[in-house]
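In this text, all values refer to a predicted model and were calculated from it rather than measured experimentally. Chain A is the first sequence line, chain B the second, and so forth, proteins listed ahead of strands; every chain is numbered from 1.
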Amino acid sequence: MNRTLIWLFALGIFFLSPFIGAVNLELSDILHADTLSAQIFYELRLPRVIFTFFAGLVLALSGLLFQTLFRNPLMTPYTLGISSGATLGAGIAIKLGMSSVIFGIAATSFFGFLGALLTIFLLLFLSRYLQGSQQTSLLLLGIALSLFYNSALMIIFYLGDSIQNDMLIRFTMGSLSVISWNSPLVLAVVAVFFTSIIYSYRFELQLLSISEESALMKGLESKKIVFWLLFLSSICIGILVSICGPIGFIGLLVPHIIAKLYQQSIEKRIMKTAFFGGFFLIFCDTIARALPTQSEIPIGIITALIGGPFFIYLIISKNKGV
Amino acid sequence: MIEIDSLSCKYANKTVLSEITLDIEDHLTILGANGSGKSTLAKALCGLIRLEGKIEIDAQDIFEYDAKERAKKIAYIPTKLEFYDEFITLEEFVLFGRFPYKASFMNYTDKDKKVAREKIELLELCTLSKHPLSSLSSGETALALMAQALTQESDIIIFDEPTANLDPRNSKIIAKHIKGLKQTHQTVLITHDIGLANFIANPVLFLKNTEGFYFKKDFFTDENLSRLYEVEIESLAVKYE
């Protein structure tokens, strides 16, 4: 019952969201193709909602993936510093004024997922030197890397001129304002690809959620699969972050909400987490647009305001052994 | 058939096992004091760690097996089950035993599900099959682990201290099942529970001072136990009969 209501609410937000914002639109407006309202709807709002949906999907799913692979509810690309790595990469590209296209990909995107990949390799490399309570140490490594990246980004700020800095600040706080259909389409392809890979590995993930050792004893080449899935999700996160900046806490919140709501094994939660992630980010974005502020509040701030306290709750409840 | 050929293990400057050589045709119980290398040997047998020397199962090096093929040969039951997914049910957990038989990217077949169900029935876990693992007691978890290993339909099953966390009643239930499995599987039992080892009555490999002492039979005498464990042992503490 609760579940149905939540999904209905999510769907409701999905359909209402494009009409809400600095200019509220009416259904009748969008039926006439040549009005300003129709233009806003088709060129700004709709691409944005679609983009937001897939962004939320990738974030939530990669959260679930990381939590399963590391068997820890606090693991996400964001808490492990992978998002920060991508941000720094993209930030460098912005600072260097790179607007060119490498291998058919925008330079910021390319640098973004280079940053994400570099971070995951660094984490995997460093984790070989960890002993004992590996998971906690890995999390601390991620946080250390985040801090390091942030400082590096600060240096870029000091070197930049005010126009670049304005772009950078907007970028580092996360922004879903996409113009035209380019980014939503790119992200849609990435998200569908990502989701189908994760879904096709659902039984392997379920095995890995027990332990790498037991997965190995069941005939799963754990190390290979873990590496491949982390590699893949880093690419996806890299692309996502390079377009919309780092958006935190979705990967933490959504898998947890779905787990509490359904109480099913991970394998059965994959698709639910993916879809709910999409709807949840649309919900957050709708709040950001609906608030009557001078300029739009960056989405990263909204998700952090909701997610920060939740993160603390997770740490406390984890220590209680819940 | 397991062949261990001059297996050695050193940690930093401490030698744990030196030149262990043994052909295991029959069942085997591995005993030894804490830190004598029992678990190391068990992990090596499973191919989880790589030591100096060589281990062959059915005349093939364990590291030359494809992971799934190896899983069809050997199943390992750990002392303690740790898991992250708190909502996974016993039924789903037991079904993992069929993973080595499952085609990549495909769902488990009806046959897989049937095998899992049979093993759940065999161990009298039917009433718990829809329950999440996290709600089971230690005794029930031990049975769930056993059901999963049986579902794996391997030739060999390794039990790593199966009664370490169990009360006497559950220990007896597990002991009875292990004894029963000797009919269908080659069993390797690692334990500190002398009563259990005596009841299972496998040949014994006693690990002491990095060496292995093999007893085909007649191991369980007070004299043997006292000498090897270096403590007065007068009679077996727990009787499983």
In terms of heavy-atom pairs under 4.5 Å, which option from [options] contacts chain A the most?
{"options": "B/Arg70, B/Glu92, B/Glu82", "answer": "B/Glu92"}
{"options": "B/Ala75, B/Pro132, B/Cys46, B/Ser154", "answer": "B/Cys46"}
{"options": "B/Ile88, B/Asp85, B/Asp66", "answer": "B/Asp85"}
{"options": "B/Lys102, B/Arg98, B/Glu69", "answer": "B/Lys102"}

Chain B contact via A/Ala215 - which portion, at a heavy-atom distance below 4.5 Å =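 Nothing of A/Ala215, per the 4.5 Å heavy-atom cut-off to chain B.
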query = Does any heavy atom of chain B fall under 4.5 Å from the side chain of A/Leu220, the backbone, both, or neither of them?
reply = both
Atom [atom1] of [X] and atom [atom2] of [Y]: how far apart are they, to the nearest 0.5 Å?
{"X": "A/Ser211", "Y": "B/Lys80", "atom1": "OG", "atom2": "NZ", "result": "12.5 Å"}
{"X": "B/Tyr76", "Y": "A/Leu216", "atom1": "OH", "atom2": "CG", "result": "12.0 Å"}
{"X": "A/Gln264", "Y": "B/Thr89", "atom1": "CD", "atom2": "OG1", "result": "10.0 Å"}
{"X": "B/Phe96", "Y": "A/Ile210", "atom1": "CZ", "atom2": "CD1", "result": "5.0 Å"}
{"X": "B/Tyr84", "Y": "A/Gln206", "atom1": "OH", "atom2": "CD", "result": "12.0 Å"}

remark   = On a heavy-atom basis, the closest approach of A/Phe203 and B/Met106 is CE1-O, 3.6 Å
query = Which heavy-atom pair separates A/Met217 from B/Ala71 by the least distance, and what is that distance?
reply = O-CB, 3.4 Å
Can you say whether [X] sits under 4.5 Å from chain A via the side chain, the backbone, both, or neither, judging by heavy atoms?
{"X": "B/Gln148", "answer": "side chain"}
{"X": "B/Lys72", "answer": "neither"}
{"X": "B/Leu95", "answer": "neither"}
{"X": "B/Gln152", "answer": "side chain"}
{"X": "B/Phe93", "answer": "side chain"}

Check this for me: [X], atom [atom1], are more than 12 non-hydrogen atoms of other residues, nucleotides or ligands nearer than 6.0 Å?
{"X": "A/Phe125", "atom1": "CZ", "answer": "no"}
{"X": "A/Tyr149", "atom1": "OH", "answer": "yes"}
{"X": "A/Phe231", "atom1": "CZ", "answer": "no"}
{"X": "A/Gln263", "atom1": "CD", "answer": "yes"}

inquiry  = Please determine whether ring-ring contact (aromatic ring centres under 6.0 Å, His included) holds for the pair B/Phe87 and A/Tyr262, giving the CA-CA distance in whole Å, both sets of side-chain angles, and the decisive distance to 0.1 Å.
reply    = CA-CA 9 Å; B/Phe87 300 118; A/Tyr262 281 93; over 10 Å; no
query = With chain B, which of A/Lys218, A/Gln67, A/Lys268, A/Glu267 has the greatest number of heavy-atom pairs at distances under 4.5 Å?
reply = A/Lys218
